[in-house]
Protein chains: 2
Amino acid sequence: MDIRQLRYFIAIAEEGQITGAARRLRMAQPPLSQQLKQMEEELGVELIERSGKKIALTQAGVTLYKQALNLVHQMEEAISEVKETGEGVRGTLSVGVSALSSYRLPEQIRQFRERYPLITYKVWKGDTQLLSQWLEQRTVEVAIVRLPHSLAHCTTIPLLEETFVLIVPVSSPLSQKDSIHMREIADHPLIMPSTPGLGIYELLVKEFGRLGVTPHVICECPDLSLIVSMVGAGVAAAIVPRSAWETQGNANISRLEITGTSITSSSAIVWQTERHLSKAARHFIEMFAPIPEQ
Amino acid sequence: MDIRQLRYFIAIAEEGQITGAARRLRMAQPPLSQQLKQMEEELGVELIERSGKKIALTQAGVTLYKQALNLVHQMEEAISEVKETGEGVRGTLSVGVSALSSYRLPEQIRQFRERYPLITYKVWKGDTQLLSQWLEQRTVEVAIVRLPHSLAHCTTIPLLEETFVLIVPVSSPLSQKDSIHMREIADHPLIMPSTPGLGIYELLVKEFGRLGVTPHVICECPDLSLIVSMVGAGVAAAIVPRSAWETQGNANISRLEITGTSITSSSAIVWQTERHLSKAARHFIEMFAPIPEQ
DNA sequence: TGCCTTTCATATGTAAAACGTATGATACGG
DNA sequence: CCGTATCATACGTTTTACATATGAAAGGCA
């Protein structure tokens, strides 16, 4: 018993005759009679009542008809779901994010969902070491990290570059200003974003060095929302990517533009070069940038 | 795409390799690879990731696996349901009853349900003319009537014979007695069961005639429960089959054995001889008596 | 590293199954 | 009563699923 035979039976049941059903199925009548007979033998049940010219469904026939409708429908549903999954319009996307990139993910997912509303997500958050492990084990297919990173065997596509801003508590005298020179920042206690393996901390320290000053770092923290909380609580000021301010900022915090420097940071989307990318992941990446040929 | 291929894919997914799946399916490995390839082409989707020796399901593969499990299960359910219907352990049984037999039907159905709990019922109640029409149109498959009847082209199996009893209101002086002679009944006003086409009325009248008396019939009624109600209300006495008293009797009614006669009545189960009987109907009939060969 | 084993893919032949054509049997309608 | 329509049977053809033989490539082990 297979789906083809179920389709045959549906046609027979709905046409009320074998000849008509055969016409509808664009096939000859004898093989259809033959298939019907075969089904009856396989099931050990009469499916139609043969009284001369006309046929009528037996009870078993009615049962089979209902079931067949259902099964054929389900089969079609299944096929289209598999196709959609293959095309990446449905499926599960596993994304790893570093702590310093995670705050942008919700917006990225929101945007992606507009185009591919059937995709579901698994989001993992961890430091570079964990991300590397997850990429290796295929726990995640893609990761979003801060550049520069130290992930091996990966293709990296940088996302939008962004400048840094200084966020300060509104209680601070600095909150009266609109901007501040990089060199001047070194005079104030600072909280710095820092995650093992991520280069932002080194990048900033090197830039301070180029300007001949040493920052007064009172706290390193890998979690941006925690940094923002600390600033909001009046602990100190912090240098953070502009988008971090835009998404996490609140009334307790003021933002100062940083002058006298041109350092930027960018997130990047990363995946293992040699391994297979699901269509969903491919689409996700392509939302930001074209994927280079292997 | 058919069920067979779904089974193949389930084996591949669960074994994690094609060779092992082929072993489990008791077939050679190449045709299985071939079928898998064919499915992928039909769906336009990669189902497994080939990285050398090992295989892993793609997202589309996972989707298909889940769907396949579901579909194969549903197919098996459907097949067994159809088989059960064909064997008459499931299905719908349409029964017609004459008014004079209907009061026994609940017990018959209760009994039948013990053996075939999956059967559902459609019960129709009407006079002989209607029953005949219903049998003809296949509105009902079988009918239960009082003998003798006048149904054409039907096979009749008599059920248990039963004698008649006289039921009287407890307010009647007759209720003091245990039995009464048939001839004596003619002295009292009577309600008689009577349905067009059913022979009970004629049977009883003829019996009175044989004894040289004429009954004093003040009411003819085709509905037994109505007769019982009337007796209970003190309208008159009534001659009814014994089982009618047993099932419908109540505290307002006394029963008297009838002596001086040996007339009996029996219900019978009836169906159209030349037409197909569903297995459910066949089993229902066989609960009471073996079905004669055609 | 090199060899062996395991696994998947390809090629080709064979057996089975589905299908089409031709034809016969039977019932319904004019 | 005959013509037409429908289902069943018989037989040949095509398609397709399967088996065998063999090649390619990757992982395991010395």
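In this model, the phosphate group of D:dC7 is not approached by any side-chain N or O of A:Q29 to a distance below 4.0 Å at OP1 or OP2. Checking the phosphate oxygens (OP1, OP2) of C:dA17, no side-chain nitrogen or oxygen of A:Q34 falls inside 4.0 Å. Note on B:T19: a side-chain N or O is less than 4.0 Å away from OP1 or OP2 of C:dC8. Side-chain N/O atoms of B:R23 include none lying less than 4.0 angstrom from OP1 or OP2 on C:dT6. Remark: A:S33 is not in phosphate contact with D:dC7, judged by side-chain N or O atoms under 4.0 Å from OP1 or OP2. When the side-chain nitrogen and oxygen atoms of B:K37 are compared with OP1 and OP2 of C:dC8, none of them lie within a distance under 4.0 Å. Contact annotation: A:R26 does not reach the phosphate of C:dG20 (side-chain N/O to OP1 or OP2, under 4.0 Å).
Look at A:E14 and A:R24 and you find a salt bridge, because one of the NZ, NE, NH1 or NH2 atoms lies within 4.0 Å of a carboxylate O, short of that distance. With respect to B:R7 and B:E76, a salt bridge is recorded, a charged nitrogen being found less than 4.0 Å from a carboxylate O. Contact check on A:E77 versus A:R90 returns no salt bridge, with no Lys/Arg side-chain nitrogen under 4.0 Å from an Asp/Glu carboxylate oxygen.
Between the CG atom of A:D2 and the C1' atom of D:dT16 there is a distance of 13 Å, rounded to whole Å. Atom CE of A:M27 is separated from atom P of D:dC7 by 13 Å (rounded to the nearest Å). When rounded to the nearest whole Å, the span between CD of A:Q17 and P of C:dT26 equals 20 Å. When the C1' atom of D:dT9 is taken as reference, atom CD of A:Q38 falls 15 Å away, rounded to whole Å. Atom pair B:I55:CD1 and D:dA26:P shows a separation of 16 Å (rounding to whole Å applied). Atom-to-atom, CE of B:M39 to C1' of D:dA17 comes out at 15 Å; the value is rounded to the nearest Å. What separates CD1 of B:I18 from P of C:dT6 is a distance of 17 Å, to the nearest Å. Atom-to-atom, CD of A:Q35 to C1' of C:dC19 comes out at 9 Å; the value is rounded to the nearest Å.
The closest side-chain heavy-atom distance from B:Y8 to B:L32 is below 4.5 Å.
Out of C:dC8, D:dT9, C:dC19, the shortest distance to the side chain of A:P30 is found at D:dT9.
In this structure, A:Q108 CD and A:I269 CD1 are separated by 7.0 Å, a value rounded to the nearest 0.5 Å.
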